[in-house]
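Structure record follows, encoded as structure tokens.
These numbers come from the heavy atoms of this one structure, side chains and all, not from hydrogens, waters or symmetry mates.
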Amino acid sequence: MTVRVCSVGKIKEKFYREALSEYGKRLLAYCKLEMIEVADEKTKEGSSPSEDRLVLEKEGRRLLEKIPERSFVIALAIKGKELDSVEFAKKMEKLFLEGKSDLSFVIGGSLGLSEEVYKRADYLLSFSPMTFPHQLMRVILLEQIYRGFRINSGEPYHK
């Protein structure tokens, strides 16, 4: 099983990198994990909708280039389906049982994701109607993926 996290921008903060590294180590027991970062576009304060759309399109193309054609794509989106941890675990398990052994989770940059990425997505997932920093969202996502594998393996986890 391959789990890929494709995201916009680099993680600069040491504490985020350490958390991602820790969950990356834990996930080795369950799957092959790929963490892919694509360059973000500089956005100026007060940019126009057309400028924002160009930024999203450029970042979206970079993300899509990194996703294999066979991959089942789960885009993180505020308008996506909200699942609790057990439901998320069951969603992953169902996908794996259906033969979808390559999952790509996609996290956008500060402006979100392009329409092209949404069109490529097989599933839209929301962790909350709140907005989180995309760096923190990577940590939250890896923790939930790890928790999901533990739930599906019948191993203890914190409720």
Mind checking whether [X] and [Y] have side chains closer than 4.5 Å, heavy atoms only?
X	Y	result
L113	L56	no
L103	R4	no
E34	V5	no
D102	F72	no
K100	F96	no
V106	L64	no
K79	L124	no
V73	F105	no

Reported [atom1]-to-[atom2] distance for the pair [X] and [Y], which is rounded to 0.5 angstrom:
X	Y	atom1	atom2	answer
F127	I140	CZ	CD1	7.5 Å
L141	S7	CG	OG	9.0 Å
L54	L111	CG	CG	11.0 Å
T2	L33	OG1	CG	9.5 Å
D52	E57	CG	CD	11.0 Å
L95	I74	CG	CD1	5.5 Å

In terms of heavy-atom contacts, does NZ of K58 have more than 12 from other residues, nucleotides or ligands at under 6.0 Å?
->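 Open: at most 12 neighbouring heavy atoms sit under 6.0 Å from NZ of K58.
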Are the side chain of [X] and the backbone N or O of [Y] linked by a donor-acceptor pair below 3.5 Å?
X	Y	answer
S21	R17	no
S71	S104	yes
S128	M130	yes

Is the shortest distance from a Lys or Arg side-chain nitrogen in [X] or [Y] to a carboxylate oxygen in the other one below 4.0 Å?
X	Y	value
K14	E18	yes
E37	R138	yes
R147	E143	yes
K119	E115	no
R120	E69	no

Mind checking whether [X] and [Y] sit in one hydrophobic cluster, side chains of I, L, V, M, F, W, Y counted as touching below 4.5 Å?
X	Y	answer
I107	V139	yes
F15	L20	yes
M35	V117	no
I151	F149	no

Is the NZ or CZ atom of K81 both under 6.0 Å from the centre of the six-membered ring of Y123 and within 45° of that ring's axis?
->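 Geometry flag: not set, cation outside 6.0 Å or 45°.
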Test V3 against K32 for side chain to side chain contact (heavy atoms under 4.5 Å, CB included), laying out the working first.
-> CA-CA 6 Å; V3 173; K32 176 183 175 198; over 6 Å; no
Verdict with reasoning, L27 to L142, per side chain to side chain contact (heavy atoms under 4.5 Å, CB included) = CA-CA 8 Å; L27 281 165; L142 282 191; 3.9 Å; yes
Quick one: closest heavy-atom pair of [X] and [Y], and the distance?
X	Y	answer
K42	V55	O-CG2, 4.2 Å
K66	P68	O-CD, 3.5 Å
I67	C6	CG1-SG, 4.0 Å
S110	T43	OG-OG1, 4.4 Å
P129	I78	O-CG2, 4.0 Å
A89	N152	O-ND2, 2.8 Å

Can you list the steps and then say if S85 with Q144 is a side chain to side chain donor-acceptor pair (under 3.5 Å)?
-> CA-CA 7 Å; S85 295; Q144 286 299 302; 2.7 Å; yes
Verify side chain to side chain contact (heavy atoms under 4.5 Å, CB included) between E116 and R61, making sure each step is shown before the conclusion.
-> CA-CA 8 Å; E116 291 77 17; R61 277 193 296 275; over 6 Å; no
Distance only, no hydrogens: is a donor on one side chain within 3.5 Å (strictly under) of an acceptor on the other, for E59 and S114?
->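 There is no such pair (donor and acceptor under 3.5 Å, judged by atom type) between the side chains of E59 and S114.
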Quick one: sort the Y30 and Y146 rings into parallel, tilted or perpendicular, breaks at 30° and 60°.
->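 The rings of Y30 and Y146 stand perpendicular, inter-plane angle above 60°.
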Take E93 and E98, measure what side chain to side chain contact (heavy atoms under 4.5 Å, CB included) needs, and give me the verdict at the end.
-> CA-CA 9 Å; E93 181 178 53; E98 291 172 350; over 6 Å; no
